[in-house]
Amino acid sequence: MNIFTLFQEKVVEAIQKVFGNEENLASVDLKKIVVEPPRDASHGDLATNAAMLLAKPFKQKPRDLAEKLAEYLRQDKDIAEISVAGPGFINIRLQDAFWAGHLAIILKNGKNYGANYVKEKRKVNIEYVSANPTGPMHVGHCRGAVIGDALANLFAFAGFEVTKEYYVNDAGAQVDVLAKSTYLRYLEALGEDIGAIPEGLYPGDYLKPVGKKLAKIHGVALKEMPESDWLPLLRDFSIDAMMDLIREDLACLNVRHDVFFSERKLHVKAEDGKSLIDKTLAHLEERDLVYVGTLPPPKGQKPENWENRPQTLLKASDFGDDIDRPLKKSDGSYTYFAADVAYFNDKFERNFDDMLYILGADHGGYVKRLGAVAKAIAGYEADLSVLLCQLVKLLRDGEQVKMSKRSGNLITLRDVVDEVGVDAVRFMMLYRKSDAPLDFDFSKVTEQSKDNPVFYVQYAHARAYSVFRMAHERMKFEENEWGKVELSGLKKLNDTTEIALIQKMASFPRIVETATQAREPHRIAFYLYELASAFHAHWNIGKDRPDLRFINENDKELTRARLGLVAAIRDVIAAGLLIIGISAPTEMR
RNA sequence: GACCCCGUAGCUCAGCAGGAUAGAGCAUCGGAUUCCUAAUCCGAAGGCCACAGGUUCGAAUCCUGUCGGGGUCACCA
């Protein structure tokens with residue numbers, strides 16, 4: 001339950017009761033009335049802008065309206081104090097008992113507090129990573145992988161039905177390049193001197209084991225075949241090998257997909273001689289959305305390279321794109337885009353309501369055309385949205401690390417994880433909103449790992465357990481008693497600092513909602529940092545005020561209540577860490 | 001030429017479906033440890049929210065334009 005929504009409903013109800021006979025009430029957009037935590041805690045627990053929004057349509061002073069609403073709301077048993085301030089804000093302070101009751105709710109829900117808030121359980125497809133299966137994953141892939149994964153967890157937590165998907169680009173020319181590169185490594189494994197890897201092929205060492213494996217399975221057999229025979233064989237073999245490699249890389253980051261969708265599947269002819277792309281295009285043709293034409297040359301490019309070629313085009317500009325997009329190359333074969341269209345169609349036929357694409361900033365030009373595809377195929381029956389992650393700039397000691405495939409100083413995802421650890425990598429990637437570029441300085445992340453916010457949050461979780469351990473040692477509290485408190489016991493928690501902690505936890509469901517709606521998993525990371533900070537601060541208050549320490553050996557019931565508070569914090573932090581996919585240690589030394 | 005993202009403290013960034021005095025961390029300076037892990041906390045200092053207009057009761061937040069930084073732009077994948 002989100003207390004802000006709860007009180008928003010109460011305020012709306014109050015408006016209808018108090019101003020029911022205002023003729024302009026119908027014209028007021030009640031959704032714009034918000035109840036939120038005031039910026040300054042001294043204003044109260046909740047604040048609403050209702051009166052200010054009503055002032056214009058009602059032609060009355062906002063403060064007068066606020067007074068009337070406040071008078072009505074004052075009857076609410078949960079409200080301790082209500083006042084009008086500033087230009088017409090209504091500030092509400094709630095009864096301590098309300099917060100005790102809310103703490104009981106948190107404890108009852110445990111790690112599911114804030115979960116499953118959605119009323120309509122939409123089917124959501126989140127496609128992320130989708131790196132080409134031609135080698136190991138490099139750092140550049142990290143960000144999308146982590147953001148996509150955290151977003152998927154977030155949506156699942158919110159109560160959506162989520163499928164995590166990886167689109168395997170295994171149909172283009174790069175696959176032949178891969179197969180040929182593997183073939184060389186195979187020859188090498190047979191003892192031949194292959195010299196330097198020729199320009200245009202993949203030089204990476206990661207293909208060596210694949211070549212060896214081939215030599216082991218096939219001996220010299222492949223060597224004696226013509227290329228037309230070994231090529232298709234090696235395509236499959238090396239793609240499988242690369243996908244295994246990628247899956248392992250992703251596992252290092254704790255990223256696991258539900259579906260790996262092969263692009264080749266879209267090109268394969270079915271029994272009726274038609275591929276999925278054929279069928280999708282036929283369907284679009286029926287609706288007159290496809291035509292043969294030529295595209296204008298892009299402005300700002302050298303026009304001398306431009307050739308006027310008739311191509312099969314999708315009328316993407318009818319659906320918000322800048323220009324129409326080619327479905328077929330001039331030689332009649334399908335473009336990559338055509339496969340994309342068929343792929344979207346496939347997702348649509350799998351009944352997803354929302355398709356999310358997590359793409360790198362270098363794919364910014366795709367946003368409009370993907371949107372057009374969705375509109376053309378699904379109309380308003382499904383939503384497609386694209387989340388662009390800006391690029392990661394890799395630094396070491398403040399110097400940019402240059403990567404180039406040719407010189408072989410490619411920094412892989414695994415290098416990064418090995419050096420700084422999964423938790424730190426994931427947190428770093430999420431401790432920034434995705435549409436801002438990210439500087440990732442190795443030396444900083446490793447050297448300052450103690451100052452890394454991830455440890456700060458994890459430490460708060462560990463600290464909770466430290467309290468439990470101490471409670472066990474000193475007062476014989478057992479593990480199953482940590483969060484077990486009656487409401488009457490929780491009412492002992494009436495210090496303002498304790499209430500403030502409960503309030504901080506109470507905003508978690510709201511954060512989950514806004515993070516889901518805005519598709520911004522970084523909000524969870526920031527929230528966790530704040531909650532951890534509040535907990536650490538409260539802990540230290542115990543130094544000056546021993547009466548506020550969690551453990552009070554003279555009062556078992558008070559201690560029990562405070563352990564409840566700690567358990568709730570532990571649960572909320574654990575829930576948040578689970579969403580962003582970071583471990584929640586019970587001890588850090 | 002067009003499109004997308006960004007511009008907030010010395011540095012790295014939050015805040016942006018409009019709300020009250022713009023917040024953290026780092027760095028700087030000053031404090032807290034016989035006391036539940038100091039991987040922590042408390043305090044000080046630090047701002048024309050790039051600039052200029054507009055919308056309104058109210059703008060860091062929305063709109064337009066300018067400047068600056070990054071990315072992208074026809075049969076590649």
Side-chain angles (χ1 to χ4, degrees), chain A residues 31-32 34 36 38-40 43 47 49 52-53 55-56 61-62 85-89 91 132 134 169 171-175 263 294-301 305-309 311 322-323 325-337 339 360-368 386 388-391 393 431-439 441 444 448-453 455-456 458-460 462-463 465-471 473-474 514 517-518 522-523 525-526 529-530 532-533 535-544 546 549-552 562 566 587-589:
Chain A
K31 279 192 194 121
K32 288 201 139 186
V34 291
E36 46 189 8
R39 188 167 292 177
D40 187 339
H43 290 146
N49 61 349
M52 272 112 73
L53 288 170
K56 198 164 204 180
K61 288 181 188 161
F89 287 102
N91 289 326
N132 281 351
T134 55
N169 296 143
Q174 84 279 9
V175 176
E263 184 188 353
T294 53
L295 287 170
K299 290 167 186 166
Q301 295 269 356
N305 294 340
W306 178 257
E307 285 173 48
N308 239 0
R309 286 169 298 231
Q311 291 176 273
D322 300 322
I323 53 167
R325 301 289 173 181
L327 293 164
K328 285 184 183 174
K329 303 175 195 171
S330 43
D331 67 4
S333 62
Y334 286 128
T335 59
Y336 182 79
F337 178 65
D362 51 339
H363 286 71
Y366 280 77
V367 178
K368 279 189 183 174
V386 179
L388 280 187
C389 300
Q390 290 300 311
L391 304 177
K393 194 204 267 181
Y431 205 57
R432 196 122 320 180
K433 69 178 174 230
S434 57
D435 48 13
L438 169 64
D439 286 351
D441 193 326
K444 261 190 187 159
Q448 302 184 347
S449 65
K450 290 205 167 183
D451 294 327
N452 192 313
F455 298 111
Y456 186 86
Q458 288 180 317
Y459 181 40
R463 209 164 218 187
Y465 277 85
S466 167
V467 175
F468 297 149
R469 281 189 292 269
M470 198 53 69
E473 216 170 279
R474 293 198 191 159
T514 54
Q517 275 154 22
H522 75 275
R523 292 181 190 231
F526 278 93
Y529 188 88
E530 286 170 21
S533 175
F535 182 53
H536 287 313
H538 188 259
W539 168 287
N540 278 276
I541 288 175
K543 288 179 175 170
D544 292 332
R549 288 186 197 162
F550 299 118
I551 294 170
N552 182 332
R562 289 189 175 157
V566 175
E587 192 175 7
M588 288 170 89
R589 292 273 175 189

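FYI, side chains are in, hydrogens and waters are out, and symmetry mates aren't considered; it's all heavy atoms of this structure. Chain letters run A, B, ... following the sequence lines, proteins first, then strands; residues in each count from 1.
Nearest nucleotide to the A:A462 side chain, out of B:U37, B:C6, B:A32: B:U37. Here the side chain of A:Y336 is nearest to one of B:C3, B:A14, B:C76, namely B:C76. Side chain of A:N540, nearest nucleotide from B:U21, B:C76, B:C41: B:C41. For A:S466, whose side chain is taken as the heavy atoms from C-beta onward, the closest listed nucleotide among B:C76, B:U37, B:C16 is B:U37. Nearest to the side-chain atoms of A:M588 among the listed nucleotides B:A17, B:A39, B:C36 stands B:A39. When distances run from any side-chain atom of A:R432 to the nucleotides B:C4, B:A39, B:C13, the shortest one goes to B:C13. Ranking B:U40, B:C76, B:C16 by closeness to the A:K433 side chain, first place goes to B:C16. Among the nucleotides B:U40, B:A74, B:C13, the one closest to any side-chain atom of A:P326 is B:A74.
Counting atom types as modelled, A:N91 pairs a side-chain N or O with a base atom of B:A20 as donor and acceptor under 3.5 Å. Evaluation of atom-type donor-acceptor distances gives a pair under 3.5 Å for the side chain of A:R549 against the base of B:C35.
Atom CZ in A:R523 sits roughly 11 Å away from atom P in B:A14 (whole-Å rounding). One interatomic measurement links the two molecules: OH of A:Y456 to P of B:U40, which rounds to 7 Å at whole-angstrom precision. Residue A:L438 contributes atom CG, which lies 10 Å from atom C1' of B:U12 at whole-angstrom precision. Counting to the nearest Å, the P atom of B:U12 and the NE2 atom of A:H522 are 18 Å from each other. Taking atom CZ on A:F535 and atom C1' on B:A38, their separation rounds to 15 Å, with Å as the unit. As a whole-Å value, the separation of A:Y529 OH from B:A39 C1' is 11 Å. Whole-Å rounding puts the A:K32 NZ to B:A17 P distance at 11 Å. Regarding A:K393, its NZ atom lies at a distance of 12 Å from the C1' atom of B:U12, rounded to whole Å.
Residue contacts for A:A47: at a heavy-atom cut-off of 4.0 Å it reaches a base atom on one of the strands shown. Within 4.0 Å of A:M470, counting heavy atoms only, lie sugar-phosphate atoms of the nucleic acid but no base atom. Across all strands shown, A:F550 has heavy atoms under 4.0 Å from base atoms, whether or not it also approaches the sugar-phosphate. Residue A:E36 is classed as having no contact, given no heavy-atom separation below 4.0 Å to the nucleic acid. Across all strands, A:A85 comes closer than 4.0 Å to base atoms (heavy-atom distances).
Under the Watson-Crick or G-U wobble criterion, with both distances below 3.5 Å, B:C73 is paired with B:G1. B:C16 makes up no base pair with any nucleotide shown, lacking Watson-Crick or G-U wobble contacts both under 3.5 Å. Across all strands shown, B:A44 forms a Watson-Crick or G-U wobble pair with B:U28, both key distances being under 3.5 Å. Judged by Watson-Crick or G-U wobble contacts below 3.5 Å, the nucleotide B:A22 has no partner. Pair assignment for B:U56: none, as no Watson-Crick or G-U wobble contacts are both less than 3.5 Å. Remark: B:G7 base-pairs with B:C67. Criterion, Watson-Crick or G-U wobble with two distances under 3.5 Å.
Comparing A:A537 and A:E587, the nucleotide of RNA chain B nearest to each residue sits closer to the 5' end for A:E587. Checking A:R469 against A:N169, the closest nucleotide of RNA chain B that is more toward the 5' end is the one next to A:R469.
Judged by distance alone, with hydrogens and angles left aside, the side-chain atoms of A:Q311 form no donor-acceptor pair with the main-chain N or O of A:K329 at under 3.5 Å. At distances below 3.5 Å, at least one donor-acceptor pair connects side-chain atoms of A:N49 with backbone N or O atoms of A:V34. Using a distance-only test at 3.5 Å, with no hydrogens or angles considered, no donor-acceptor pair links the side chain of A:Q458 to the main chain of A:M588.
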So which protein N/O to nucleotides 57-65 of chain B N/O distances come out below 3.5 Å?
{"from": "B:C57", "atom 1": "OP1", "to": "A:K56", "atom 2": "NZ", "distance (Å)": "3.1"}

Quick test: give all pairs of protein nitrogen or oxygen and nucleotides 69-71 of chain B nitrogen or oxygen below 3.5 Å, distance rounded to 0.1 Å.
{"from": "B:G71", "atom 1": "O2'", "to": "A:A361", "atom 2": "O", "distance (Å)": "3.1"}

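Between B:C62 and B:C4, the two P atoms lie 15 Å apart (nearest whole Å). A gap of 15 Å separates the C1' atoms of B:A59 and B:U64, to the nearest Å. Between B:C63 and B:G7, the two P atoms lie 14 Å apart (nearest whole Å). Separation of the C1' atoms belonging to B:A27 and B:A44 is 15 Å when rounded to the nearest angstrom. B:A50 and B:U40 are spaced 32 Å apart, taking the P atom of each and rounding to whole Å. Remark: the separation of the P atoms in B:G69 and B:G31 is 44 Å, to the nearest Å. Taking atom P in both B:C41 and B:G71, the straight-line distance is 37 Å, to the nearest Å. When the P atom is compared between B:G47 and B:A22, the two are found 13 Å apart, to the nearest whole Å.
Checked against a 6.0 Å centroid threshold, the rings of A:Y459 and A:Y456 do not count as neighbours.
In this structure, A:W539 does not reach the B:C35 phosphate: none of its side-chain N or O atoms is under 4.0 Å from OP1 or OP2.
B:G19 has no base stacking with the ring of A:F89 when judged by centroids under 5.5 angstrom apart and an interplanar angle below 30°.
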Residues A:R469, A:E587; criterion side chain to side chain contact (heavy atoms under 4.5 Å, CB included); working and verdict:
CA-CA 10 Å; A:R469 281 189 292 269; A:E587 192 175 7; 3.9 Å; yes
